[in-house]
Amino acid sequence: MENTAYGERLASVRFRQSQAQEHRNAELQRHVVVLAECDQHIVALVEEEAALLQSRREAFASEQKGDRALPARQAAELPPTDMPRLGEPRAAPPGFPAPAAGARLSPRPNPSPKPTTLERRGVTDMPQRELRGLLVGRGRREPAASAVAPPARITDTRPYAGRAELLGGPPLAAPDGGRWADSSPPRETGPTPNPQVSGAGFGPGHHLEALFMRAEAAAGLSAPGGPIGSGGAPAVATNAVGARSGVDWAADTLPVSAVSEAFEDAFPGVRRGTPAAPPIKQKWMEDSQWREAEFPTLGGSGAAARPAGAWGGGLAAKLRAAEPAASVAVPAAPARLPVEEYEEMCKLRKKGDPRDDRKRRSLVHAKKDFEYIEGAKVNGVFQRCVNVVDGLELHQEVLSIAEQAMMVDHIEQWVALGRADKLRRRTFSAPRRWAKGKGRVTVQYGCCYNYADGQEGRRPGIIPEEVVEPLPPVLQALVRRLVRWGVLPAFKAPDSAIINIYEPQDCIPPHIDHHDFMRPFCTLSLLSGESIMFGARLVPEGPGHFVGSTFYLPLPVGSCLVLKGNGGDVAMHCVPPVERRRMSITLRRMGNQFGEKVRNEIKRIQRQEGPSQALAPRRYGTDDYEDSEPEAGRSSRRGSWR
Ligand SMILES: O=C(O)CCC(=O)C(=O)O
Ligand SMILES: [Fe+2]
C-alpha cells in the first residue's frame with residue numbers, strides 16, 4: 001500500500017519535472033529566436049547607418065569640388081535625408097516626450113567664440129603651404145647674406161709667384177701634359193660657381209692634400225676609387241686635384257694669403273648667415289656650439305685658435321711674408337660651415353649622407369663601467385684591489401661603415417706616400433725586416449714620438465726638434481667630431497696622431513702611453529675587430545707573446561676607445577698579434593711644455609730646409625725600438641716602451 005502511494009507520488013513528480021523541462025526548452029527556443037531577430041535588426045541598422053554616412057561623405061566631397069548637383073543616379077540612391085544633422089533639432093525617440101520648441105541637441109553653439117590662432121595673427125587668406133610653415137614656426141626667411149654677396153674677383157696674380165715651391169718644392173710635371181693646380185698660373189675668375197665655398201674653405205690643409213696627390217701621382221701610386229687595401233688603379237694625372245677631392249678648385253685661384261688666413265683663423269668656416277637652428281635642436285646645438293667655441297685648435301679666430309699641428313703658423317707665416325697684400329676681401333672671421341658640409345669637405349663624411357650630425361651622434365653607444373680588479377701600484381703605493389680598467393670608455397659607431405672605408409682609403413694613401421718617401425722625415429716608419437711580433441707600419445702626424453729607449457741616445461718621448469707632417473684635414477675633422485660629440489673634452493683636443501697599420505701577426509707590445517701626452521686620449525679601430533689587452537703586469541714571453549692576468553677588450557671597427565684614469569695610467573695595454581689586417585688611429589694632445597717647443601723647432605727646421613715635405617727624407621724603422629723591447633722578466637719595470 002505504502003509502496004503504491006510512493007510510486008504514484010514519484011510518477012507525478014517526474015511528470016511535473018518533465019513538463020517544467022519542456023517549458024524551459026520552449027522558453028529558451030523563444031529567446032534564441034528573439035536574439036537572432038535582434039541580431040539581424042542590429043546588422044541592418046548598422047549597414048543603413050554606414051550607407052548614410054558614406055553618401056553624406058560623397059555629397060560633401062562633391063560639394064567641396066563645386067559639383068553641387070549630384071548625378072541623378074547617385075541622388076536616387078541617397079537614403080532619406082530626414083536624418084538631422086549634428087546640432088539640428090531631432091525628433092524624440094519613440095516613447096520619449098517631444099523636446100521643447102527650439103531645444104537643440106549637442107553641440108551647443110559657443111556663446112562667445114574665441115578667435116583661432118590664425119585669426120589672432122590676422123592670417124585668413126594665406127596659401128596652405130605658407131600657413132603650414134607659420135604654424136610650425138618656420139616663417140619665410142631672407143636669403144643668407146653670403147648667398148647674395150658679390151662674387152670674388154682676382155686681379156692680382158703676383159701672390160702665385162713661387163707658391164708651388166713654398167708648398168712643396170719644384171712643380172711636378174703632370175704626366176699627361178696637363179697642369180697641376182698648384183703650379184698653374186691663376187685664372188681671372190668671374191663669378192665663382194659657389195661663393196660660399198670658394199671664399200675661404202680650402203687652405204693649406206687642402207694644399208697638403210693636393211701635394212699628397214701630386215706626390216702620389218708622380219710616384220705612380222693609387223687613384224681614388226680603387227678598392228680599399230688594393231692600392232687602387234694607376235693615378236689619373238690631370239689637373240684634377242679639385243675633381244679628385246670633390247671640391248671646386250676655383251678656390252685655388254684666390255690669393256694664398258686669403259685662403260691660408262681663412263684656413264688658419266676659422267678652418268674651414270665659410271658660410272655667413274647659417275640659418276638659425278630650429279628650436280627642437282636647441283639644447284643639443286647649444287651644447288655642441290659651446291664645445292666648438294671651446295675648441296682650441298680649430299675654432300674661433302686669432303693666434304690662439306691656430307692649428308697646433310707641426311706646421312702650425314710656420315707655413316702660413318712664410319706664405320704671408322712672401323706675398324703682397326691680398327686683393328680679395330675675405331671675411332676675417334667668417335661663420336662656420338654647417339658641420340655636415342665641413343666633414344664632407346674634409347672627406348670624413350660620405351657625400352650625400354642625409355643624416356645630420358645630431359642623428360649621427362645619437363647612434364653612438366658608450367660603455368664606461370669596465371671592471372677588472374687586481375693588485376697594482378697607484379701613485380707609487382701598492383694596493384691589493386684596484387679596478388685597473390676604471391676610466392676606460394668604449395664609444396661605438398663613431399665612424400659609420402662608409403666613413404671607415406673612407407678613412408682606410410686615406411690611410412692607404414698616406415702609407416703609399418710614406419713608402420715613396422714623400423712624407424717628411426719621421427712621419428712614416430716601417431719595420432726594416434718583418435718577423436712575427438716585430439712591430440708594424442706607423443704614420444705620425446703633429447709631432448714626432450720616439451718609441452725607442454736608447455735610439456740615438458734618446459729616451460722615449462716627444463722629440464720637439466724632429467719634424468713630421470701636420471694633422472691632415474680628415475683627422476682635424478675627426479678630432480672636431482670627437483670633441484663635439486663629447487667623446488673627448490675640448491681642452492684636451494688632440495693635436496697629434498699615430499696611425500698603426502697591423503699586418504697579420506703584427507702587434508704592439510705592452511706599454512703605458514707616455515706622459516708627454518695628456519689624458520684622456522683615444523684610439524679608433526678600423527678594418528678588423530681585434531682585442532686589446534689590459535693588465536697591471538703584462539709580460540712579453542717570446543716574440544708577440546704577452547702573458548699576465550689580463551682583461552681582454554674587443555674593439556669593434558668604427559669604435560673609439562678613450563683611455564684615462566687607471567685604464568690610461570695604471571694598467572698597461574698591448575695588442576697581441578692580430579689575425580687579420582687592422583688599422584688604428586691614436587689621437588693625443590701634447591703636453592703644454594711641447595706645443596710651443598714643437599712649433600718653434602719646426603720653424604727653425606723650415607728655415608734650414610725649406611718647407612718641402614719630400615726634402616731629405618729619412619726613414620726610421622719601427623724595429624729600431626722593437627729590438628730594444630724589454631725582455632721577459634724586465635717587463636715588470638713600469639713606464640713607456642714606445
Ligand atoms: O692599436 C691600438 O688600438 C692601440 C694603439 C696604442 O696603444 C698606441 O698607439 O699607443
Ligand atoms: Fe697605447
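Counting starts at 1 for both ligands and their atoms, following the listed order. Small disclaimer: the values here were computed from a predicted structure and weren't measured. These numbers come from the heavy atoms of this one structure, side chains and all, not from hydrogens, waters or symmetry mates.
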Any donor-acceptor pair under 3.5 Å linking the side-chain atoms of [Y] with those of [X]?
X      : Y      : answer
His511 : His573 : yes
Thr442 : Ser429 : yes
Arg582 : Ser525 : yes
Glu412 : His410 : no

What atoms of ligand 1 come within less than 4.0 Å of a heavy atom belonging to [X]?
X      : answer
Arg582 : 1 (O), 2 (C), 3 (O)
Tyr502 : 1 (O), 2 (C), 4 (C), 5 (C)
Thr586 : 5 (C), 6 (C), 8 (C), 9 (O)
His511 : 6 (C), 7 (O), 8 (C), 10 (O)
His573 : 7 (O)
Ser584 : 1 (O), 2 (C), 3 (O)

At the Fe ion (ligand 2), what's the angle from Asp513 OD1 to His573 NE2, rounded to 10 degrees?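 Value returned, to the nearest 10°, is 90°.
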Give a yes/no on ligand 1: does Thr523 have at least one heavy atom closer than 4.0 angstrom to it?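 Contact present.
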Please state whether the rings of Phe370 and Phe551 are parallel, tilted or perpendicular, taking 30° and 60° as the class boundaries.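 Phe370 and Phe551: perpendicular rings.
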Take Trp414 and Tyr445 through the test ring pair (Phe, Tyr, Trp, His ring centres under 6.0 Å) and record every step on the way to the result. CA-CA 11 Å; Trp414 298 333; Tyr445 287 118; 5.1 Å; yes
Taking non-hydrogen atoms only, is Asp513 closer than 4.0 angstrom to ligand 1 via side chain, backbone, both or neither?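 For Asp513, only side-chain atoms sit under 4.0 Å from ligand 1.
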Taking 4.0 Å as the limit for heavy-atom contacts, which would you say applies to Ile508 with ligand 1: side chain only, backbone only, both, or neither?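 Side chain only; the backbone of Ile508 stays clear of ligand 1.
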Before you tell me yes or no, could you show the steps for Asp369 and Lys367 under salt bridge (charged side-chain N to carboxylate O under 4.0 Å, His left out), namely the whole-Å CA-CA distance, both residues' side-chain angles and the distance that decides it to 0.1 Å? CA-CA 6 Å; Asp369 50 355; Lys367 176 158 173 48; 2.8 Å; yes
